[in-house]
2 protein chains.
Amino acid sequence: MSRSQAIADILTRAILDHRLVPGCKLGERELSEIFDVSRIVIRQSLIRLADDGLAQIERNRGAFVARPSMQDAMEIYDALTLVEQGVAAQLSDRLGPAGWAELRQHVERQRQAVASGNDALADVLGQEFHTVFVRLSRNKVMQEIHAQLVRRTTLLRSLITADFDYCNLLDDHARVVELLEKGRLKPAMELIDAHHRSVVRGYIMDRQVFPELTPREALEPYLDGKAGEAPKPAPRKKTGDRGGTGAHAHVHTAK
Amino acid sequence: MSRSQAIADILTRAILDHRLVPGCKLGERELSEIFDVSRIVIRQSLIRLADDGLAQIERNRGAFVARPSMQDAMEIYDALTLVEQGVAAQLSDRLGPAGWAELRQHVERQRQAVASGNDALADVLGQEFHTVFVRLSRNKVMQEIHAQLVRRTTLLRSLITADFDYCNLLDDHARVVELLEKGRLKPAMELIDAHHRSVVRGYIMDRQVFPELTPREALEPYLDGKAGEAPKPAPRKKTGDRGGTGAHAHVHTAK
DNA sequence: TCTTATTGATTGATATCCAATCCTGTGTTT
DNA sequence: AAACACAGGATTGGATATCAATCAATAAGA
């Protein structure tokens, strides 16, 4: 793989881990020193990030981690809902027994993780559910679109006031699978919609985000060869946020 | 705008106009001489094209215009159908009178173009319909996803045996609008699906595509400043293809 | 004729340099 | 003291030249 792609992947992970927060300057010189490559390679990486919606390049000003607006957030969640509803409709028509089994098995694995108190694993599995869901459509184009939207929702999570609990929404997943398998498409789609709406409605993005890490500090754990085993989640000072990047951050709006 | 973005746009147009056909080598040196820029700028342009799915970069081999497979074609049309159906569902809920008026007006303009024999205009309007349709969702993220899918379908049209008539499917457009406005969402969605399915089913992509133009010839009309007024459609030797890039190439499968 | 080796071309990447632009800090003016 | 103007520094966007690695196609040899 090209060096610029590899670096783009690292930057992407750092952003998704909330180690590089929205608005953070991604200076060419600084990054080139961090990764020990030339500025041009960094430029190419930044172009890739910008094409993916994770960075924003301003002419003669440089690249910054994207700072999506509330409007952007709603549009991203709308698009994600649209895609997942569409996939749900396709699956309810076309999915074979093996597919349903895989979905049920995934939910079951997550259930066991929750039961055994392994929150981190449950979180990861909760994220993965959506990916598996879309993968079963056997449409790589759709998978890539969906993955990009998920990345952007993860970026959004850097911007919200992190005063929420993670519930992995095992119930929602199980119910979606159940409804779809029974052919009850419409309730399933409404459940998907309701889920995403409840998430985005809890967003409060007025606050400015201040980077707690310099790019050098943020990227240090990803450097130095295949050290990717311990991905190092995001550090947070304030709340009890465990730093997960779960796609299921569920905001408790009701009291 | 950055030079690499401008060049990427030109390359994109040339590909969508079928002047650069799938498989065509996009050599860095050649392009850098054509556009009179350094190789680095070209590399950045090619990265953008690859991210958009219009080019494919092979390590140490270079970039080529993407050569999507039949599988890719089906997946792209599936994704397009999914997106447009989802947008249709949203519009049937949320679109106001002004929106419906705009859609009806667009269809009417296309009807007039057809009636007056202005096929070229009718073709453009037929393409635009889908774009307008998605724009009314007021979701820029969705718009960009849709636009990318449309670009890829246009690329696909370089690969099919061009033995079909262009009918602008005014009827389909009018009917979709009519059905949606009446709240008959399901038939409208089925109509969208049927349309795209009929298109992709007519595809025959066994044939190899041979470039009839060198990159230098293909790109010449786009160079030299704002000469973009006469976009120069694609040249075709064989059929009566008028060179349109209409999103509504409708294959007459039934006899 | 088939296999192997060499050569040429192209890509990936680096270093250095330059122009244009933006930010900032200072100094001047009112 | 406040507002404005200007100059300098820093950063980006880009050009050029160069080098290593890899691929492809040809040429040499069995």
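Just so it is clear, the values below take in all heavy atoms, side chains as well, and ignore hydrogens, waters and symmetry mates. The model shown is predicted, which means the values in this text are computed figures rather than measured ones. Chain naming here is simple, since letters A, B, ... match the order of the sequence lines and numbering starts at 1 in each.
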- [ ] Round to the nearest Å and state the distance from B/Gln56 atom CD to C/dT11 atom P.
- [x] 15 Å

- [ ] Determine the contact category for B/Arg3: base if any of its heavy atoms lies under 4.0 Å from a base atom, sugar-phosphate if only primed atoms, P, OP1 or OP2 are that close, otherwise nothing.
- [x] sugar-phosphate

Open item on the list: Can you give me the first and the last nucleotide of DNA chain D (5' to 3') that has an atom within less than 4.0 angstrom of a non-hydrogen atom in chain B?
Closed with: D/dG14 to D/dA24

Task: For atom CG of B/Leu31 and atom C1' of C/dT10, their distance in whole Å - done: 13 Å

- [ ] Take the protein atom CG of B/Leu46 and the nucleotide atom P of C/dA13, then report the distance between them rounded to whole Å.
- [x] 14 Å

Open item on the list: Whether A/Arg61 contacts C/dC23 is assessed here as follows: a side-chain N or O lying under 4.0 Å from the phosphate OP1 or OP2. Is that the case?
Closed with: yes

Task: Interatomic distance where CD1 belongs to A/Ile7 and P belongs to C/dG12 [whole Å] - done: 15 Å

Task: 5' priority, DNA chain C, between A/Ser38 and B/Leu26 [closest heavy atom] - done: B/Leu26

Open item on the list: Below 30° counts as parallel, above 60° as perpendicular, anything between as tilted: where do the rings of A/His195 and A/His130 land?
Closed with: perpendicular

Task: Protein-nucleotide distance (A/Arg29, atom CZ; C/dT16, atom P), rounded to Å - done: 11 Å

TODO: Verify whether one side chain among B/Asp9 and B/Gln5 offers a donor that lies under 3.5 Å from an acceptor in the other.
DONE: yes

TODO: Quickly work out the B/Arg43 CZ to C/dT10 P distance and round it to whole Å.
DONE: 14 Å

Task: No-hydrogen, no-angle side-chain donor-acceptor test under 3.5 Å, B/Gln148 and B/Glu144 - done: no

- [ ] Answer yes if the side chains of B/Ser4 and B/Arg48 hold a donor-acceptor pair under 3.5 Å, and no otherwise.
- [x] yes

TODO: Could you check B/Lys25 against A/Arg39 and say which one's nearest nucleotide on DNA chain C is further toward the 5' end?
DONE: B/Lys25

Task: Whole-Å distance separating the CD1 atom of B/Ile40 from the C1' atom of C/dT11 - done: 12 Å

Open item on the list: Side chains of B/Asp72 and B/Ser69: any donor to acceptor distance under 3.5 Å?
Closed with: yes

TODO: For B/Glu58 and C/dT11, give me the distance from atom CD to atom C1', rounded to whole Å.
DONE: 12 Å

TODO: Enumerate the residue pairs fulfilling salt bridge (Lys or Arg N to Asp or Glu O under 4.0 Å) with a member in residues 53-63 of chain A, sequence neighbours excluded, ordered by first and then second residue.
DONE: A/Glu58-A/Arg61

Open item on the list: Is any side-chain heavy atom of B/Val134 closer than 4.5 Å to one of B/Asn139?
Closed with: no

